[in-house]
Amino acid sequence: MTQTLLNLLAIAVPLAVGFASLFAFTTWLERKILARIQNRIGPNRISLPFTRFRRLFGLIQPAADGLKMLAKEDIVPRDADKLLHLLAPILSLVPPMMVLCLLPLELPYATAGMRALQAAALDNAVLLFFAITSLNTLAVFMAGWASRNKYSLLGGMRAVAQMVSYEIPLVLSAAVVIMAAGGMNAQAIVEAQRAQWFIFTPWGLAAFLIFFIASLAETNRSPFDLPEAESEIIAGYFTEYSGFKFALFFLGEYLAIFAVSGLAVTLFLGGGAGPWVAAYPALSCVWFLAKIFALIFVMIWLRGTLPRLRVDQLMGFAWKFLLPLSLLNLFVAAAALKLAKPWLSWPVGALVLYGAAVALSRSHRADAAPRTYSYAE
Amino acid sequence: MSAAAATAAASYSLVRQPAMETGLLEVSMGPHHPSTHGVFRMDVRLDGETVVALKPVFGYLHRNHEKLAEGMSYLASMPFTDRLDYFNSMTNNWAYALAAEQLLPIEVPERAQYLRVIMAELTRLVNHTSLVGFFLNDLGALGTPLLYAFRERERILDLFEQASGARMMCNYFRFGGLRCDVPEGWLARARAVVDAFPRFLDEFEKLLCENEIVLARTQRVGVLSGAQAVNAGITGPMLRASGVNYDLRKVDRYGIYERFAFRVPLGSAGDCYDRFMIRLLEMRESLKILDAALRDIPTGPVMGNAPRVFKPAASETYGRVESPKGELGFYLIADGTTKPYRYRVRPPSFINLTVLEDLCVGHTIADAVVILGSVDIVLGEVDR
Amino acid sequence: MIEGVAFYILSTVAVLGALLAVSRRNLVHGVFALLLFFAALSGLFVMLMADYVAAVQVLVYVGAVGILQLFAIMLTEHVTGDDLRRLGARGWFWGLMLAVALPVVLLLPPLLNGEPPVPPAAPQSTARQLGSQLMEHYVVPLEVLALLLTGALIGAVAVAHGPEKDPPGKDRPA
Amino acid sequence: MRLLGFGILKGMAVTLENFVRSYFDRDRRHHLFTKEYAWEPGAPAEVLPARADTTVTAHSRNFPILLHDGADPMGGIRCVACQICERECPPQCIYIEKDYDEQGKYIKRPAIFDIDLSVCMSCQICVEVCPFDAIVMDSQFELSTANRFGGLLQHRDQLLKSNEYYHRIHPEEARARDDRMAQEKAEKEAKQAAADAAKKKAAEAKAAAEIAAEKSKPEPSAPTAGGAA
């Protein structure tokens with residue numbers, strides 16, 4: 001009994017510590033990349049106290065932010081629901097933490113016995129992944145409700161509606177991969193992609209794009225960051241949070257980003273596969289994290305470029321564009337796998353999907369096009 | 001706590017109407033709201049997400065500019081015109097100088113006329129880049145367009161600092177010309193900035209004009225018809241976006257604008273997208289004027305033979321200029337002394353603001369913020 | 001040994017959740033307690049080696065049904081339970097009696113005649129087996145169920161839509 | 001009609017270009033034009049030398065200062081306390097009191113010359129209206145003090161700066177101003193000289209006239225004429 005407990009600890013603790021420190025690194029990465037996109041330099045002032053190091057490129061900035069969050073006063077509104085107000089940030093943190101251990105991340109030192117918790121044992125890892133991430137919606141609602149603030153409740157309801165309506169395209173696009181790999185076991189999916197990553201098949205690419213867009217909405221990132229829309233009245237569900245609870249929400253959001261992009265890597269980008277993995281098996285963990293950070297770079301890049309969608313456009317986009325497209329993708333993938341003749345099914349599949357996407361986007365705002373202007377002398 | 005308040009707090013519930021009906025939500029987007037371009041408040045009544053009624057409330061930045069001017073000499077209120085629309089101090093100065101020169105005719109030398117046109121068009125570039133940056137910021141593009149716009153604005157503000165000594169509060173125009181000539185090498189630097197500007201405009205148009213999210217968020221939002229605009233006295237890019245061809249540089253031909261070949265872009269739908277695009281296209285026209293002006297600016301004095309003490313005869317006049325926000329006019333009544341009897345400013349952004357409610361009703365609160373951004377108000381000018 | 005400890009923990013959490021769900025005056029707290037109960041239930045499913053059902057339990061009950069109930073509470077009025085209206089609990093005595101009698105009647109016979117039922121050793125991957133069963137043996141009930149649910153969905157939308165609201169532009173009584 | 005996404009992709013290409021160019025664009029003109037560590041004295045070399053330590057240029061104007069020629073501040077002070085700037089100042093932030101010597105005669109110097117920096121809006125009108133070029137604009141802006149009222153009221157001695165200092169901060173403007181003053185002085189002297197010459201000529205003409213008058217009269221005493229001229 002103690003051996004299994006030790007195994008569990010040997011897996012869980014490094015994951016928790018590793019990804020929490022990666023969270024700190026990602027906040028720095030995000031501020032630096034956003035700065036470079038906007039012709040600035042980003043944080044570069046913090047230096048280690050009592051040392052001569054002056055130019056540390058701001059790497060100590062996350063530690064400084066964390067310290068600041070700890071020092072900030074933790075204000076709880078007078079008639080807030082004390083218990084739920086405390087529970088919400090914790091509940092927003094637990095599911096992503098739990099889900100991280102489902103990812104097929106071969107820790108370099110993990111022996112066969114210790115990999116019980118990795119995806120190998122759980123044969124429906126993907127389903128459990130979606131089940132646990134749906135708890136996030138609860139945490140958002142609890143935060144919105146417990147703050148007893150009209151705006152945070154409306155912001156919370158908006159965020160819940162957004163997460164619920166983007167969960168369906170997320171699951172459907174994952175279903176395509178499950179169908180192709182023949183099982184929900186993350187390890188089996190990675191094995192199935194040994195010959196060819198799923199992203200390189202037309203229906204795989206479409207599923208990846210839908211999955212990526214839906215995961216953006218699921219974690220309230222870039223074009224879908226409605227809750228923190230400071231330009232509107234509703235300042236989002238974590239208005240009444242300050243101090244370390246606020247930092248917990250951010251930790252939860254970033255871990256959710258790691259989890260969702262980790263799943264995207266497993267489903268579409270061949271998990272830990274990469275060059276020289278055969279020679280050094282420990283390298284697969286590095287490749288896995290590298291791919292996750294590639295996806296995170298794209299997320300930050302989107303955040304630096306795109307304006308925000310309005311609520312009704314956001315919902316319309318989910319229900320009228322992503323959902324039908326992912327359903328169609330399911331059929332196309334089924335047909336392609338059944339026919340199993342790539343030279344025929346690929347071009348046809350690509351054509352059908354592209355045609356459907358154009359038709360759908362044309363049917364909505366056909367007139368939304370850049371205009372030409374007349375001039376008067 | 002009075003009993004009424006206790007029961008009210010006790011039976012506090014969000015939803016006042018029975019069952020599915022949600023009550024009207026009174027929201028005041030307060031004076032220090034992040035997206036209201038300064039101290040400006042909108043009392044909005046919401047039915048769910050859509051705006052039912054909207055009452056703009058301003059006056060937080062009222063500094064009694066016009067009454068002050070009655071107690072000071074004509075020249076003394078020139079630095080205060082910088083503070084009207086603090087993005088375009090040069091055009092404010094020019095409007096006041098133009099009005100005063102009609103009171104007491106002073107012949108403005110050629111070089112001063114050219115420099116006035118150059119400064120005015122540079123201010124138009126500054127104003128339109130900042131406006132487009134703020135507009136995109138309201139849409140939610142997290143600072144990137146704004147920082148690109150401010151990168152260009154910095155270059156022009158450096159030019160203003162070298163010419164007049166201050167970046168924003170230039171106080172550079174005088175009755176009959178300019179306070180001092182531009183330092184040598186300034187025209188070359190101005191030429192460099194003007195040549196580099198189209199690169200920025202192309203980058204901006206590539207970044208935003210075909211962006212589907214921008215199209216979806218701004219097209220058919222806050223539509224203002226031409227007749228409605230003329231009725232409300234709207235002037236400037238907002239009026240031209242609704243398709244009405246009215247540009248003071250072409251109508252009044254003040255200064256030496258008739259020597260420059262430039263065109264006036266006109267919108268068709270009069271919605272937020274048109275207002276956004278008109279300003280981008282106007283910047284390209286201003287670049288044409290700047291090219292021509294910088295090419296054939298003569299040498300010579302910059303100050304006409306202004307009298308030692310500016311004491312116009314008893315008369316009244318109204319001088320106006322096409323400022324980046326619209327028709328900025330100064331109505332002066334002189335009573336023969338050195339102080340104006342009456343000093344009135346026609347603020348374009350204040351008058352453009354009057355149609356805000358008609359534009360916003362029926363749209364969602366997120367659109368109301370975008371529409372306010374497209375109207376381009378600066379509170380210094382709205383409140384005076 | 002670990003299974004025993006886990007079982008007792010999970011069952012106490014489940015019972016506690018259920019009790020809280022019933023007794024809390026604030027309905028939102030009630031719903032969250034119910035969700036706690038569902039989560040504990042899915043833990044029990046995991047112990048029964050039915051991991052697919054456990055995952056579905058979390059996904060369907062905790063994720064969807066819980067959120068649905070919270071939405072419902074948000075849209076109805078005066079149910080946040082803050083005011084002091086309280087249903088008189090008249091029949092609590094008979095309720096208690098029933099609660100005690102039922103387990104006794106159900107559990108007594110097996111306990112008397114021998115060992116407690118041993119959980120069957122479930123086959124390794126339940127998902128594949130369930131999937132094939134659904135698609136081959138139970139395909140007709142599945143389709144009927146699907147139709148029923150869509151019908152219910154469309155009905156709900158029709159009812160909730162209510163009378164065509166007049167355009168928002170017109171001023172409405174506050 | 002564009003498929004949903006091409007416009008967005010084009011926009012993302014722009015931001016990617018900015019991101020990449022910020023690392024490789026060495027001329028720092030277009031992309032990464034913010035300077036790193038521009039403030040610390042030991043800033044790295046690639047910070048443009050022209051504005052190494054501060055962002056103030058040779059043209060920026062902040063708060064007025066009084067000028068004095070030569071080394072002794074009170075000796076060479078240009079201000080004669082004519083109070084024109086006190087009258088013309090739009091926000092009325094200058095206060096002047098004339099200086100009198102023991103006998104009560106007004107000597108051309110201000111006893112008190114205060115500028116309230118919290119009121120001054122650096123509009124440079126006082127510099128324009130001053131007939132004696134006694135007041136000019138400084139580009140020093142780090143004048144914050146602890147107490148708001150007394151600290152920001154600058155007295156005459158704090159305001160007095162030497163002409164060399166003026167040449168150092170605003171070389172171009174200082175040179176132009178000195179040339180103009182020198183030219184005016186030259187004109188005044190020329191006018192003065194012309195006036196003297198005219199007076200002298202008038203005196204000679206009068207003297208010549210007297211001589212002529214004596215010649216036309218009978219010649220009672222011819223030898224005295226030479227001595228009088």
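Here is the naming used below: chain letters follow the sequence lines, and residue numbers restart at 1 for every chain.
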Within residues 31-39 of chain C, which positions have a heavy-atom distance to chain A below 4.5 Å?
C/Phe32, C/Leu35
For chain A, which residues from residues 58-69 of chain C have at least one heavy atom closer than 4.5 Å to it?
C/Val58, C/Leu59, C/Val62, C/Gly63, C/Ile67
So how far is it from A/Met157 CE to C/Phe71 CZ, rounded to the nearest 0.5 Å?
5.0 Å
Does the side-chain contact (heavy atoms from CB on, under 4.5 Å) test come out yes or no for A/Met142 and C/Val28, once each step is laid out?
CA-CA 9 Å; A/Met142 202 187 276; C/Val28 175; over 6 Å; no
Counting only heavy atoms closer than 4.5 Å, note whether A/Leu135 contacts chain C via side chain, backbone, both or neither.
side chain
With a 4.5 angstrom heavy-atom cut-off, is it the side chain or the backbone of A/Asp81 that approaches chain C, or both, or neither?
side chain
Does A/Lys320 NZ have over 12 foreign heavy atoms under 6.0 Å away?
no
Show the nearest heavy-atom pair for residues A/Ala131 and C/Ala55, with the distance to one decimal.
CB-O, 3.5 Å
Out of A/Leu127, A/Thr133, A/Leu83, A/Leu87, return the one with the most heavy atom pairs under 4.5 angstrom to chain C.
A/Leu127
